[in-house]
Structure formats: C-alpha cells, structure tokens
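Okay, so here's the structure we're looking at.
Read the numbers this way: they start at 1 and go in the same order the structure lists the ligands and their atoms. The residues of the chain are indexed from 1 along the displayed sequence.
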Amino acid sequence: MSTAQSKPQILTIDDLEHHATLHLPKMVREYYNGGSMDSYTLQGNVHAYRQWYIMPRMLRDVSRIDTSAQVFDRKVTFPCCVAPAAMQKMAHPDGEEATARAAGAKGVVMGLSSFSTTSLEVVKKECDEATAATEGACVLQMYLFENRKVSEDLISRAEKSGYKAIVLTIDTPYFGRRLTELRNNFKVPSHLTMANFDASLGVKTGSHLRTEERQNSSSDNNTNSLPPPSSKESSRKTTTNPPPNKNDPSLTWDVIQYLKSITSLKIFVKGVLTASDAQLAVRHGADGIIVSNHGGRQLDCAPPTLEVLPEIVDVVGGRIPVHFDGGIRRGSDIFKALCLGADMCWAGRPVLWGLAYDGERGVKMALDILEEEFRACMALTGMRSVEEIRQYGRSLLRRVSTTPWDIQLSRQAKVKSSL
Ligand SMILES: Cc1cc2nc3c(=O)[nH]c(=O)nc-3n(C[C@H](O)[C@H](O)[C@H](O)COP(=O)(O)O)c2cc1C
Ligand SMILES: CCCCC(=O)C(=O)O
C-alpha cells in the first residue's frame, strides 16, 4: 500500500496491479491473480484484445462525449460493472464495503459475490449511501447449492434489500484446478467469515474453502500474513461459518425456470461460452447472459471470451442483453467488446487490485482509469455515445493478421536459425 511520502504514479490498471500485488501476501496474491491449470485461458483473455485494431473516424465534432449506458434499469456512468469476486477482505480490511462505496459513488453496478466477507445487507447499505448522487446499484451473484434452502434464503434477502438482479454462475459444477491455490494450501483466514451464510444451516464445507485454524494465525510470516480484521462485521464475529462449496452439480437449464418461480428479480446467467448455450439461455427464459470463462479460473483451454463474443451476439440477435467479462484492463478493451456487440462489460481483477492498493480510494482509481481511457478512446474514434459505438459496431475494428507478438517471435526464430 502507498504512503504519503512514496506515492507511486498510477496511470494504468497495470500500474495498479503492480503496486497492489507487490505487497499482498503470496497466498492472496496468487488466489486473486491466478487461473486454472496452465492459465492458457487467463492469458488468452488478456491477449485477445491485441488481435483487433481500432479503425477511428475523423472530423465528427467530439466536443461532447457521453460515456453513460443503461443496465438493470439504471443509467450508469460508463458501460462497466464490478464483477463479483469472493472474499474481498483478504485484499483490504474494508473489503466489499469499500468496493460498494466506490462503485456507488462512481455510479456503476456492483456484482456482489455470495461468497463475500461482508453480508449482502451491509453491502447494499454502503452502496445506497454512496449512490445519493448517482444511479449505481447492486446485483447478487450466486450459485445454486444442493441445499436449495440456502439459495432461496439468499434470494429472498436480496429481494428485501433491493438488489436489482440475480446473477447465477453456471460454470462452476466443480472448481477449476487452481494449482497455485493447491500449492499454497489456500485457506480462508480464520478472522474472516462467509458473511452471507449461517452455519446452523448445516451446509457442507468444501475442501477448496478450508478455513485457517485459529491457532495458526499467530504463525503468519511475511509472505503469508493477511490484513487484520478491522471492520465492524469481522471484529464482531467469533466463529467462522463455512459456506457450501460449489453449485449443485446436477443442475440443468431448468434451473432458470425454477429461479423465476421463486423470485421476480431478473435472472442473468454467467458463464456462457457457446452460441448453443446462449440459445438455450434465451429459450429457458434468462433475462440476460454474461459471456464469461470466470477470468480463466474454471476450465483451462476454454476460449478467450472476446473470441466467442461475436457468434454469441449473433445467435442472441438482441432478444436479451449480452454482457461480457474477461481480461478487461483498458478502456479500449471495453470499447472493443462493445464494438463486437456486448451490451455491458464487467471488470474483475482491476477492481481487486484497486481495493488491495488503497481500499475504497483504490477501487475508485481503478474505475476512474477505465472510464477515462474509455472516454479518450471514444473521442479518438469519433464516437460520441455508447449507442453510436453499437451502431458502428464491427466496422470500427479490423482483425490483426500478424500481431506484433507474432512478429517478435518470428524475429527471434530468424535470429536463432541464423546462428
Ligand atoms: C479472486 C476472484 C474471485 C472471484 N470470485 C467469483 C465469485 O465468487 N463468483 C463468480 O461468479 N465469479 C467470481 N470470479 C470471476 C469474476 O466474476 C469474473 O468473471 C472474472 O474475474 C473476469 O475476469 P477479469 O478478472 O480478467 O476481469 C472471481 C474472480 C476472481 C479473480
Ligand atoms: C470461493 C468461492 C468461489 C469464488 C470463485 O468463484 C473464484 O475464486 O473464482
């Protein structure tokens, strides 16, 4: 974390990543940054944006740029939501409360992971207080557990608290094999709780979510120590309450109708990667989909999300919103996803890095950077509104036939072969 004396210059999300993760304990850093298996999908997500040139239009009076967009019946500041990410108090003691305040103040939507270290009620309250002058809002991400009562309780609490939608994550019948987590023997620190779950429900603890033994916390060393509990909630709790560990693996597409039968909230499904599944989502009544490979944390070798976005947009044909996440690190990444037909983007790790860097202020920095870069990209391409980006769509992009990366490799190959 920065000090007043030695404030690094943070201009990009990469800067934020660098300075945030420099000081995070190894176990947390690798949990946040990591992917599954060889991390091909994780790297592919980020690399995919380099496969597209942006074709700018000139002399179009860009003296007024409107970055705002519509999502979940709200007018948000720019087309980027905060992707649900679990256990944010590992990044910063203020955890999800800080993220909610920053997202609310910025006027964007926060996706709260049901595996949060702050209860959904507290998060909503923080968000509401910050949204006095904006239309920021909250949606709740969840898995559907074998014990349906756990999920039904969560949904009813989300309804009562004023969440705008349920995001059902469908790519997690199993946890991806995250080798760093296995190597680090990843455990949820004992001072943190899965604040949305009540231990009395008797739900199973997954091996993935083992909780650190309390007596071990004093043996933390520099590489594995975690931010101390400081917030209202974590200091109040004395026991941990283990949550269920994954989606009910027997789920099928009927789950959408089931959810719609128990709630009037919108149901978005997160984790669609094929045109066929997008079609099924529409047929089964989803209110929207999120094209996502879980930030490369589930099936490794799944395609980069940007790669499959156009075929999914085509098959959906505007019947329901198509949201998108994966590898967004620049405003131009958001721009490219919109050109390829996404209605809305979500950013995961950039927000976590902001949180780790400086709590609420750091999350705000991450969102400000993405918005400012997106605005610059709009102005430099002659696009004055998000609607215009949609209209011009794919005509604003050209596929790169030889990437600088390939050129680099072929140069290296030539040098090698000439030795
Ligand atoms: C540390 C971490 C925790 C995550 N936790 C959840 C979660 O609880 N539920 C979920 O649906 N997705 C979760 N995700 C996936 C994100 O919602 C999102 O799909 C992904 O981070 C997007 O990729 P990006 O990080 O490259 O932006 C998590 C991602 C990370 C990095
Ligand atoms: C620990 C609960 C699941 C979090 C998650 O979805 C992820 O780590 O990617």
Side-chain angles (χ1 to χ4, degrees), residues 13-14 17 20-21 24 27-36 39 41-49 80-91 95-96 99 109-117 120 139-145 154 166-178 180-181 186-188 192 194 196-197 205-211 242-247 268-273 289-299 302 304-306 323-330 333-334 337 345-356 366 370:
I13 298 295
D14 285 351
E17 172 183 7
T21 59
L24 277 182
M27 185 185 81
V28 178
R29 182 177 66 240
E30 294 189 347
Y31 169 68
Y32 284 159
N33 293 357
S36 57
S39 293
T41 298
L42 172 64
Q43 288 171 36
N45 278 352
V46 177
H47 183 70
Y49 298 92
C80 187
C81 302
V82 171
M87 300 183 282
Q88 299 190 1
K89 281 187 181 163
M90 288 196 309
E96 294 86 0
T99 307
V109 168
M110 171 174 179
L112 178 70
S113 165
S114 49
F115 285 104
S116 55
T117 39
L120 65 90
V139 299
L140 180 70
Q141 174 276 334
M142 54 178 285
Y143 299 102
L144 199 69
F145 304 119
L154 269 184
I166 297 294
V167 171
L168 179 74
T169 300
I170 59 171
D171 58 15
T172 315
Y174 266 64
F175 272 106
R177 275 184 73 75
R178 301 157 188 185
T180 49
E181 283 175 41
F186 177 83
K187 291 191 183 83
V188 183
L192 299 181
M194 296 299 146
N196 289 321
F197 300 100
T205 310
S207 59
H208 179 81
L209 280 184
R210 276 168 307 182
T211 305
N245 65 331
K246 59 176 163 50
N247 260 347
F268 274 57
V269 287
K270 173 172 181 282
V272 172
L273 283 175
I289 58 173
I290 306 181
V291 176
S292 171
N293 53 33
H294 212 112
R297 298 162 73 78
Q298 286 299 105
L299 174 68
T305 42
L306 199 71
H323 291 197
F324 171 88
D325 77 23
I328 286 177
R329 305 288 180 263
R330 299 166 202 79
D333 296 344
I334 298 173
C345 294
W346 299 65
R349 292 180 183 84
V351 171
L352 293 173
W353 294 326
L355 181 64
L370 289 173

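Within the set Asn247, Asp325, Leu352, the minimum heavy-atom distance to atom 18 (C) of ligand 1 is found for Asp325. Of the candidates Pro84, Ser113, Ser116, Gly295, it is Pro84 that places a heavy atom closest to atom 16 (C) of ligand 1. Closest heavy-atom approach to atom 12 (N) of ligand 1 among the candidates Arg349, Gln298, Lys270, Arg178: Lys270.
In summary, the side chains of Asp325 and Ser292 do present a donor paired with an acceptor at a separation below 3.5 Å, with no hydrogens or angles considered. Side chains of Glu96 and Thr117: a donor on one and an acceptor on the other come within 3.5 Å.
Ligand 1 has an N or O atom lying under 3.5 Å from an N or O atom of Gly348, backbone or side chain. Residue contacts with ligand 1: Ala83 is placed with no nitrogen or oxygen under 3.5 Å of a nitrogen or oxygen of the ligand (distance criterion only). Where the criterion is an N or O separation shorter than 3.5 Å, residue side chain and backbone included, Thr169 meets it with respect to ligand 1.
When non-hydrogen atoms are compared, ligand 1 lies under 4.0 Å from the side chain of Arg297 (C-beta onward) but not from its backbone. The residue Trp353 has no part lying near ligand 1, judged by heavy-atom distances below 4.0 Å. Contacts with ligand 1 closer than 4.0 Å are made by side-chain heavy atoms of Arg329 only, the backbone lying farther away. Residue contacts with ligand 1, taken as heavy atom pairs separated by less than 4.0 Å, involve Ser292 solely via side-chain atoms from C-beta onward. Contacts between Gln141 and ligand 1, counted as non-hydrogen atom pairs separated by less than 4.0 Å, involve the side chain only.
Closest protein heavy atom to atom 1 (C) of ligand 1: Tyr32 CD2, 3.3 Å. Closest to atom 5 (N) of ligand 1 among all protein heavy atoms lies Ala86 N, 3.1 Å.
Pairing each heavy atom of Leu355 with each of Ala91, the nearest pair is CD2-CB, 3.9 Å. Shortest non-hydrogen contact noted between Ser114 and Asn196 is O-ND2, 3.0 Å. Scanning both residues, Arg329 and Val46, for their nearest heavy atoms gives NH2-CG2, 4.2 Å. Of all heavy-atom pairs between Val351 and Thr99, the closest is CG1-CG2, 3.8 Å. Closest approach of Tyr32 and Arg349 over heavy atoms only: O-NE, 2.8 Å.
Using 4.0 Å as the threshold, Met87 has no heavy atom nearer than that to any atom of ligand 1. Residue Phe115 places no heavy atom under 4.0 Å from ligand 1.
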Exercise for review: Please test Arg178 against Gln298 for side chain to side chain donor-acceptor pair (under 3.5 Å), starting from the C-alpha separation and ending with a verdict.
Suggested key: CA-CA 8 Å; Arg178 301 157 188 185; Gln298 286 299 105; 2.9 Å; yes
Practice item. For Asn293 and Leu299, run side-chain contact (heavy atoms from CB on, under 4.5 Å): C-alpha distance rounded to whole Å, both residues' side-chain angles, the deciding distance at 0.1 Å, then the answer. Key: CA-CA 7 Å; Asn293 53 33; Leu299 174 68; over 6 Å; no
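Shown in contact with Ala86 at under 4.0 Å from a heavy atom are these atoms of ligand 2, numbered in order with element: 4 (C). Atoms of ligand 1 found under 4.0 Å from any heavy atom of Ala85 (numbered from 1 in listed order, with element): 3 (C), 4 (C), 5 (N), 6 (C). Which parts of ligand 2 touch Met87 is read off a 4.0 Å heavy-atom cut-off, strictly below it: atoms 1 (C). Less than 4.0 angstrom separates some heavy atom of Tyr31 from each of these atoms of ligand 1: 1 (C), 3 (C). Counting the atoms of ligand 2 from 1 in the order shown, those under 4.0 Å from a heavy atom of Tyr143 are 3 (C), 5 (C), 6 (O). Those atoms of ligand 2 with a heavy atom of Arg178 less than 4.0 angstrom away are 7 (C), 8 (O), 9 (O).
Remark: the backbone N or O of Thr169 is paired with a side-chain donor or acceptor of Asn247 at under 3.5 angstrom. With Asp333 contributing its side chain and Arg330 its backbone, the two residues share a donor-acceptor pair below 3.5 Å.
Considering only heavy atoms from C-beta on, Phe175 stays 4.5 Å or farther from Ser36 through its side chain.
Classification of the Tyr143-Phe115 ring pair by plane angle, with boundaries at 30° and 60°, yields tilted.
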